[in-house]
Amino acid sequence: MRKLSLNWDGREEPVWAEKINGVLWVHGPMGTLSYAPEKKSYGQSQSDQAQDEIRAPMPGKIKKVLFEEKDKVPAGQTVVVMEAMKMEFELKTPVAAVVKGVQCQEGEQVNLNQLLVRLEPA
Amino acid sequence: MMEGKVAIANRGEVAVRIIRACQELGLKTVLFHSEPDVQTLAYRMADETFCLGPGPSDQSYLHQERHLEGLKQTGATYLHPGFGFLSENGDFAEKIEQAGFTFVGPRPETLRQMGDKIAAKALIENAKVPSVPGYRGNDQSMATLLKKAEEIGFPVIVKAAAGGGGRGMKVLNNSQEAAELIESAQREGEAAFGSNKVFLEKYLDRARHIEFQVFGDGLGGAVHLGERDCSVQRRHQKIIEEAPAPALSSSLRQKMGEAACAIAKACHYRGAGTVEFLVQDDAFYFLEMNTRLQVEHPVTELVYGVDLVKAQLLLAMGQFELWGELSPRGHAVECRIYAEDSERGGMPSTGLLGTLKWPEGPGRRFDCGFEKGDEVTSFYDSMIAKVIVWDETRDRALEKMQKVLKESIVFGVKTNFDFLLQILSHKEFREATFTTQFLSKNFPSGPPAEPLTEEQKAALAALYRKISEPEGASSSKFSSPWSQGWRIL
């Protein structure tokens, strides 16, 4: 960890900074931030989520896949139920869509960002 | 100094907490751990270690036979289960005791009685303690569950019968979504506790969650150590707890304390336990009894000046006497630090930990199970640390907590520090008018996302380039006199 200075909203702020596995971590008056070139940085909203696929937002286990290929799915419907850290998370359709392909199986352990379901926006 | 060897069948911060108590009492420790947990502080602190098995809990922390093998192999005579995992499993405790070891916790029959929420409610009704209307029957068909939910009237909460800690709990707001949520609760119950049995009850929508710490000597004697307010919850997972409860009338406090003691005495309770209540409109309802040490036990320890883990160990060794006079002093607050992306609904965040820095000082306590270089994996609960502060008044304790959270550093995984700070500065929290609905009402999708501006991204990119250069290689603004013509040979 190094003490450096960061130009934040027009002011030079003293920050603690450290690079871990290619990601910059910063702590200072602005709180804690992480940053990596080209990768999504802290504070990105879900609105820029792809509309034609569902990917694993975390490493974990597939608990349930609720639709099959060719099924029509309304927007905001749960398609995949995942479990990580003893919690269930529901992955929903970003928009109304038709399932083009299911790329995961119930019980499977998946990695971060792994493609789970391909969709065709209706 | 005492003699004996204690097996710690847990992980993370609570394993560290128990190891420290054992060390202070002069007891030897052996940590029962999973394969990935060799990269944790508890592993480095224990006198001995025993590997239970691979990462997934059912192959390690929930594997009962491996625990028995561990006790036999290491010569430990006591087993402290911590919380979660097997801590409330009556069959497990019985196996331990039948094999001649001591389970640091309540008797197996107490665990079974209180663990089966249905049997627990029967005991509570006998003790004339009020509980929430609901359905606890054995007919678990979906048709019956849906019909009962309608009868109780929405909102209704569905819970895993063997559950606790927020796992397998869902709120049903209407009949349309009921079936899907009940199924989900059944699956979570099956995965976490090996039972898909659920029960339903009326969901109190403006209640506070207030629980009483009890401690029994196992012979029918029991005392309570006051209450904790744990109303700040998300998906029934507690985030901030405090003691004493800030808006509880003294008459209600007395009645609830008496009810908690009556329950502990009725089952000849042995050791530390927590009686949870919901309080709404000046009435209180029994929720459940947690037959173990509680995550938020430190706030009670700070206001009462006791060490609950040492008390558990001393009781197990037959060297404990119940406290006589007990009175609280000042105010304590605990914040749970979760490895999560709060802005994305608390999505777990995993990874290699960098620097962890806790701003130590009077009245500040940091319970953490990780050090720099350790990895947060997706196998277990996302709570990585607890920050607890004490001060003479609630206001001062809250000021201190804000200061401490701002100065704490956790690098490598995303955490909920910012979210905690937003909660602490919220008017309803400051004025203590909050209910269990506080978070879903005020932060329905977590804290608001704050996307970085282009300027901020550019500044971070510049800092990224700078930190990527080797240290000292960047052109320094000042020149050191030592750098002119001198070098270390």
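Considering every non-hydrogen atom in both A:Tyr35 and B:Lys457, the closest pair reads CE1-O, 4.0 Å. The shortest heavy-atom contact between B:Lys466 and A:Arg2 is O-NH1, 4.2 Å. Between A:Pro59 and B:Ser378, the shortest heavy-atom distance links the atoms O-CB, 3.7 Å. Nearest heavy atom pair, residue B:Leu460 against residue A:Val26, reads CD2-CG2, 4.0 Å.
B:Phe411 touches chain A through backbone and side chain together, each having a heavy atom under 4.5 Å away. Contacts of B:Glu180 with chain A are made by side-chain atoms alone, with heavy-atom separations under 4.5 Å and no backbone atom involved. For a residue to count as touching a neighbouring chain, one of its non-hydrogen atoms must lie under 4.5 Å from one of that chain's; by this rule B:Val410 touches chain A with the backbone only. Using a 4.5 Å cut-off between heavy atoms, B:Ser184 contacts chain A through both its backbone and its side chain. If you measure heavy-atom distances from B:Tyr464 to chain A, the contacts under 4.5 Å come from both the backbone and the side chain. Heavy atoms of B:Gln456 lying under 4.5 Å from chain A belong to its backbone as well as its side chain. Residue B:Glu190: no heavy atom, backbone or side chain, is found under 4.5 Å from chain A. Contact annotation for A:Ser5: only backbone heavy atoms (N, CA, C, O) come within less than 4.5 Å of a heavy atom of chain B. In this structure, chain A has a heavy atom under 4.5 Å from the backbone of B:Ser349, while its side chain stays farther away.
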*asked:* Let's go through A:Leu112 and B:Thr350 carefully: what are the C-alpha distance in whole Å and the side-chain angles of both, what is the deciding distance for side-chain contact (heavy atoms from CB on, under 4.5 Å) to 0.1 Å, and is it a yes or a no?
replied: CA-CA 10 Å; A:Leu112 175 71; B:Thr350 57; over 6 Å; no
*Take A:Trp16 and B:Lys357 through the side-chain contact (heavy atoms from CB on, under 4.5 Å) test and state the conclusion after the steps.*
CA-CA 11 Å; A:Trp16 291 102; B:Lys357 195 172 150 231; 4.0 Å; yes
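The distance from atom CD of B:Glu188 to atom CD of A:Glu88, rounded to the nearest 0.5 Å, is 4.0 Å. Note: A:Trp25 CH2 to B:Leu463 CG = 14.0 Å, rounded to the nearest 0.5 Å. A distance of 7.5 Å separates CE in A:Met1 from NZ in B:Lys372, rounded to the nearest 0.5 Å. Separating the NE2 atom in A:His27 from the CD1 atom in B:Ile409 is a distance of 4.5 Å, to the nearest 0.5 Å. One finds the CE atom of A:Met30 at 11.5 Å from the CG atom of B:Asp418 (value rounded to the nearest 0.5 Å).
Counting only N and O atoms by type, the side chains of B:Lys414 and A:Ser34 include no donor and acceptor under 3.5 Å apart.
Between A:Met85 and B:Tyr338 there is no side-chain heavy-atom pair separated by less than 4.5 Å.
Among A:Lys19, A:Gln109, A:Glu83, the residue making the largest number of heavy-atom pairs under 4.5 Å with chain B is A:Lys19. Looking only at heavy-atom pairs under 4.5 Å with chain A, the residue among B:Leu405, B:Leu353, B:Thr355 that has the most is B:Thr355. Between chain A and the residues B:Ser408, B:Ala339, B:Ser382, B:Ser468, the most heavy-atom pairs under 4.5 angstrom are made by B:Ser382.
Contacts between residues 61-77 of chain A and chain B, counted as heavy-atom pairs separated by less than 4.5 Å, involve A:Lys63, A:Lys64.
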